[in-house]
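Letters A, B, ... mirror the listed sequences (proteins, then strands); counts begin at 1. Only heavy atoms go into these numbers, but all of them, side chains included; no hydrogens, no water, no symmetry mates.
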Amino acid sequence: MAIKLYNTLARKKEELKPLKDGKVTMYVCGPTVYNYIHIGNARPAIVFDMIRKYLEYRGYQVYFISNFTDVDDKIINAAKELKEEVPVLAERFIEAYFEDTGALGVKKADMHPRVTETMPDIISFIKALMEKGFAYEAEGDVYFETKAFKEYGKLSSQSINDLQMGARIEIGEKKKDPLDFVLWKKAKEGEISWDSPWGKGRPGWHIECSAMVKKYLGDTIDIHAGGQDLAFPHHENEIAQSEALNNKQMAKYWLHNGYIQINNEKMSKSLGNFVLVHDIIQKHRPEVIRFFMLQSHYRSPLNFSEELLESARSSLERIHTTTNNLKHRFNESADFGEENDWIDTVRQYKEAFIREMDDDFNSANGISVLFDLVKDANRYLQENHSSKQVMQSFLDVIREIGVVLDIPVEAEEEILDEEIERLIEERIQARKERNFARADEIRDSLKEQGIILEDTPQGTRWKRE
RNA sequence: GGCGGCAUAGCCAAGUGGUAAGGCACGGGUCUGCAAAACCCUUAUUCCCCGGUUCGAAUCCGGGUGCCGCCUCCA
């Protein structure tokens with residue numbers, strides 16, 4: 001069975017057919033590192049991480065690259081404001097990026113190239129574009145001549161004519177045409193800069209990705225991904241640069257994730273509703289945020305609020321409860337019976353999970369399969385079955401799905417301190433003696449410490465609130 | 001103005017021609033010393049509105065409304 005994915009370039013779902021059998025090359029546009037990432041930056045990080053891991057689960061060897069834009073206007077401005085050197089500031093936020101995305105379960109890319117480390121490749125890319133007649137110099141700047149690339153607009157399905165009508169006319173413009181975009185930007189006095197054939201300056205924003213893709217992955221890659229807003233102009237410009245130079249398709253599949261809104265409003269500085277990952281993970285466990293994001297399809301718009309995270313937390317809790325119950329019952333059971341109907345049912349859920357995920361990485365449906373599994377496991381336990389084999393197969397598949405989506409499906413094993421252990425023992429004794437007043441007193445006091453007690457037919461259990 | 005996306009229960013969210021998944025919340029019941037958890041039942045005759053195609057439409061077509069994004073280096 002083949003994996004299908006929605007290709008922005010084709011505007012439809014297509015079957016994944018990598019350039020090389022069993023291998024997928026994937027490039028995701030990374031952040032400009034001038035601040036902590038916000039929840040909107042977290043979405044592409046999480047969903048493309050999920051896609052990468054799912055492809056690996058399905059047997060592909062994935063070579064995954066994501067860049068850091070570590071020099072550009074925003075960084076220069078931020079550095080000026082904070083009175084910090086550009087490289088120091090960039091380094092600081094690269095570390096913060098790894099810290100935040102790491103907490104969200106995002107695995108590091110195979111390589112994280114930076115603009116400042118790719119300078120020679122960028123310069124020779126621009127030189128080659130000029131030699132082929134796709135770029136021109138104007139007073140120390142270099143521009144890409146959009147009209148020279150006939151297919152401009154194919155990704156975002158816009159025609160050059162329409163774009164020109166909408167284009168803003170800028171005063172003192174050095175471009176020949178408003179649609180032309182900068183490849184090399186002349187440095188202002190005192191600004192951080194690099195030497196080039198056109199004088200001191202720095203690369204335009206779009207050229208880095210073209211240069212990095214060519215350098216590390218080749219002229220054509222399998223998957224190129226990023227936020228929906230990048231489709232135009234960023235990805236359009238990347239295509240123009242790369243395909244003009246290489247004369248080959250840049251990427252077979254273009255993937256774009258949907259936008260995030262905050263409380264049904266656009267997230268913007270003027271509304272003051274920027275949610276930084278750095279802050280939100282102080283209040284909510286990061287795995288809840290990941291789970292929340294994967295509960296909707298990666299291309300759908302997604303609303304974000306504290307209430308919705310709370311609801312996601314409860315959902316995740318339901319899964320934890322079931323795995324814990326399965327583990328307890330498994331340990332207590334001495335039933336080695338074979339119940340093949342159940343085993344078969346569980347196997348079908350695993351197949352359903354793969355079927356859903358194969359269809360454009362529908363993690364929303366993948367998670368609903370997980371809940372179906374949880375429901376059946378609960379039912380199994382409720383009906384007092386206790387075959388170790390069946391319980392093991394439930395646990396195996398639940399865990400397997402958890403690993404693929406990288407969401408924790410079981411609460412962390414923890415050792416309680418002696419005092420709490422002693423109180424739990426005392427309460428068990430009190431209940432035996434039907435001293436419920438004391439039992440409730442202990443339960444209440446533990447609850448204040450965040451320990452929830454549950455008396456099941458198989459004994460007393462505890463969990464963290 | 002151009003291009004694109006979205007609209008499904010109180011909330012979130014799948015479903016792109018065959019008779020409305022899943023989660024959260026709410027209510028009733030079972031279990032429990034009481035709880036919690038879990039299970040069972042209940043909860044959208046209906047998928048923004050109006051037309052059309054079809055034996056059959058949330059799904060396709062036409063028109064309308066609302067929200068959002070991109071076209072200004074905000075993912």
Side-chain angles (χ1 to χ4, degrees), chain A residues 8 11 13 28-32 35 37-45 47 69 72-74 153 156-159 161-168 170 179 181-182 185 204-206 225-234 236-237 256-261 264-270 274 291-292 295-297 299-303 305 307-308 310-319 321-322 324-325 352 356 359 362-372 374-375 377-383 431 434-437 439-440 443-444 447 452-457 460-463:
Chain A
T8 306
R11 274 174 289 282
K13 282 184 202 171
V28 178
C29 290
T32 301
N35 197 354
I37 59 165
H38 57 249
I39 199 75
N41 297 313
R43 193 175 192 193
V47 300
T69 303
D72 90 325
D73 287 351
K74 282 180 289 186
S156 48
S157 61
Q158 308 198 67
S159 74
N161 286 340
D162 290 339
L163 285 167
Q164 276 175 326
M165 281 195 286
R168 183 165 71 155
E170 290 171 53
L179 291 183
F181 55 91
V182 70
K185 195 165 184 168
W205 175 41
H206 313 293
Q228 200 176 62
D229 58 310
L230 294 183
F232 190 90
H234 184 56
E236 202 70 74
N237 291 351
H256 294 99
N257 65 274
Y259 241 64
I260 281 192
Q261 283 179 261
N264 290 310
E265 278 182 319
K266 178 183 174 164
M267 179 164 64
S268 72
K269 280 186 181 136
S270 54
F274 258 76
F291 178 78
F292 168 74
Q295 255 189 315
S296 63
H297 186 92
R299 281 191 287 114
S300 301
L302 178 60
N303 191 31
S305 72
E307 292 72 35
L308 294 172
E310 233 354 89
S311 157
R313 194 196 60 77
S314 301
S315 302
L316 200 50
E317 187 67 36
R318 179 174 164 83
I319 300 168
T321 302
T322 298
N324 282 350
N325 286 340
E356 295 297 350
D359 185 8
N362 196 333
S363 57
N365 278 347
I367 287 174
S368 84
V369 171
L370 187 55
F371 280 109
D372 290 339
V374 161
K375 182 105 177 165
N378 286 334
R379 210 174 275 153
Y380 184 81
L381 297 177
Q382 187 83 11
E383 289 169 8
R431 288 184 75 226
R434 303 192 69 79
N435 181 359
F436 297 122
D440 290 350
R443 187 167 64 192
D444 291 345
K447 186 167 194 306
I452 308 270
L453 294 186
E454 296 176 2
D455 302 318
T456 75
T460 297
R461 312 257 176 83
W462 64 270
K463 68 179 180 187

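If you check every strand for non-hydrogen atoms under 4.0 Å, Gly40(A) touches a base. Base contact: Leu453(A) has a heavy atom under 4.0 Å from a base atom. Looking at heavy-atom distances under 4.0 Å, Leu381(A) makes no contact with the nucleic acid at all. As judged by a 4.0 angstrom heavy-atom cut-off over every strand, Arg299(A) is placed among residues making no nucleic acid contact. Heavy atoms of Lys447(A) sit nowhere under 4.0 angstrom from any nucleic acid atom. Within the nucleic acid shown, Asp372(A) comes within 4.0 Å of sugar-phosphate atoms alone, with no base atom in reach, counting heavy atoms only. The residue Phe436(A) sits close to a base: some heavy atom pair falls under 4.0 Å.
Annotation: A25(B) and A9(B) have their C1' atoms spaced 12 Å apart (nearest Å). On the P atoms, U59(B) is 10 Å away from C49(B), given to the nearest whole Å. Distance noted for atom C1' between C26(B) and A44(B): 15 Å (whole Å). Between G66(B) and U72(B), the two C1' atoms lie 26 Å apart (nearest whole Å). Going from the P atom of G52(B) to that of C67(B) covers 28 Å, rounded to whole Å. Rounded to the nearest Å, the gap between the P atom of U19(B) and that of U53(B) is 23 Å. Of the C1' atoms belonging to C47(B) and U16(B), the separation is 13 Å, rounded to the nearest Å. Using atom P as the reference point in both A14(B) and U8(B), the two lie 11 Å apart (nearest Å).
In a base pair of the Watson-Crick type (N1 to N3 plus N6-O4 or O6-N4) or a G-U wobble (N1-O2 and O6-N3), with each distance short of 3.5 Å, G33(B) is matched with no nucleotide. Across every strand in view, A44(B) sits unpaired, with no contact that passes the Watson-Crick or G-U test at under 3.5 angstrom. Nucleotide G17(B) has no partner under the Watson-Crick or G-U criteria, as no pair reaches both atom distances under 3.5 Å. Remark: G66(B) base-pairs with C6(B). Criterion, Watson-Crick or G-U wobble with two distances under 3.5 Å. U54(B) is unpaired under the Watson-Crick or G-U wobble criterion, no partner having all donor-acceptor distances under 3.5 Å.
Between Trp205(A) and Gln261(A), the residue anchored nearer the 5' end of RNA chain B, judged by the nucleotide with its closest heavy atom, is Gln261(A). Where Thr322(A) and His206(A) meet RNA chain B, the nucleotide closest to each residue was compared, and Thr322(A) sits on the side nearer the 5' end.
Comparing atom distances between the Asn365(A) side chain and each of A37(B), A14(B), A75(B) picks out A14(B) as nearest. Closest to the side chain of Ser368(A), from the set A37(B), G2(B), G22(B), is G22(B). The Ser296(A) side chain lies nearest to A14(B) when the options are A36(B), A14(B), C70(B). Nearest nucleotide to the Lys74(A) side chain, out of C73(B), C24(B), A37(B): C73(B). Taking every side-chain heavy atom of Ala364(A) into account, A14(B) is the closest of A14(B), C73(B), C39(B). The side chain of Ser311(A) approaches C24(B) more closely than any other nucleotide in the set G33(B), A13(B), C24(B). Listed nucleotides C24(B), C73(B), A37(B) differ in distance to Ser315(A); the shortest reach to its side chain belongs to C24(B). Checking A37(B), A75(B), C6(B) against the side-chain heavy atoms of Asn325(A) singles out A37(B) as nearest. Closest approach to the Phe274(A) side chain among C73(B), C74(B), G33(B) is made by C74(B) (side chain taken as heavy atoms from C-beta onward).
For Arg11(A) and G4(B), a side-chain-to-base donor-acceptor distance below 3.5 Å is absent, hydrogens and geometry of angles not being considered. Remark: the Asn303(A) side chain and the C6(B) base include no donor-acceptor N/O pair separated by less than 3.5 Å. Donor-acceptor pairing under 3.5 Å, judged by distance alone, is present between the side chain of Asp440(A) and the base of G33(B). Put simply, the side chain of Gln295(A) and the base of G23(B) share no donor and acceptor less than 3.5 Å apart. In this model, no side-chain donor or acceptor of Arg379(A) finds a partner on the base of A38(B) within 3.5 Å. The base of A75(B) does not come close enough to the side chain of His256(A) for any donor and acceptor atom to sit less than 3.5 Å apart.
Contact annotation: the side chain of Gln158(A) never approaches that of Pro233(A) to less than 4.5 Å [non-hydrogen atoms, C-beta and beyond]. Two residues are said to be in side-chain contact when any heavy atoms from C-beta on lie closer than 4.5 Å; Arg431(A) and Thr460(A) meet this criterion. Between Phe371(A) and Ile319(A) there is a side-chain heavy-atom pair separated by less than 4.5 Å. Counting only heavy atoms from C-beta outward, the side chains of Ile367(A) and Phe291(A) approach each other to under 4.5 Å. Between Asn325(A) and Arg461(A), some side-chain heavy-atom pair lies under the 4.5 Å cut-off.
When all heavy atoms of Asn303(A) and Phe292(A) are compared, the closest pair comes out as O-CZ, 3.1 Å.
The aromatic ring of Tyr259(A) is not stacked on the base of G69(B), since the criterion of ring centres less than 5.5 Å apart with planes inclined by under 30° is not met. Lacking a ring centre under 5.5 Å from that of the base six-membered ring together with a plane angle below 30°, Phe371(A) does not count as stacked on G22(B).
Protein atom CG of Leu370(A) is 11 Å distant from nucleotide atom P of G23(B), rounded to whole Å. Look at CG on Asp229(A): it is 11 Å from C1' on C73(B), rounded to the nearest Å. The distance between atom CG of Leu179(A) and atom C1' of C73(B), rounded to the nearest whole Å, is 15 Å.
The phosphate of G23(B) (OP1 or OP2) has a side-chain N or O of Arg318(A) nearer than 4.0 angstrom. Side-chain nitrogen and oxygen atoms of Asn362(A) include at least one within less than 4.0 Å of the OP1 or OP2 phosphate oxygen of G15(B). Taking side-chain N and O atoms only, Asn378(A) has a distance below 4.0 Å to OP1 or OP2 of C39(B). Ser300(A) has a side-chain polar atom (N or O) that falls below the 4.0 Å cut-off from OP1 or OP2 of A14(B). Contact annotation: Lys375(A) side-chain N/O to C40(B) OP1/OP2 distance is under 4.0 Å.
A distance of 7.5 Å separates OG of Ser363(A) from NE2 of His297(A), quoted to the nearest 0.5 Å.
For the pair Lys13(A) and Asp359(A), the salt-bridge criterion is met [side-chain N within less than 4.0 Å of a carboxylate O].
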List the steps, then state whether side chain to side chain contact (heavy atoms under 4.5 Å, CB included) holds for Gln261(A) with Leu302(A).
CA-CA 6 Å; Gln261(A) 283 179 261; Leu302(A) 178 60; over 6 Å; no
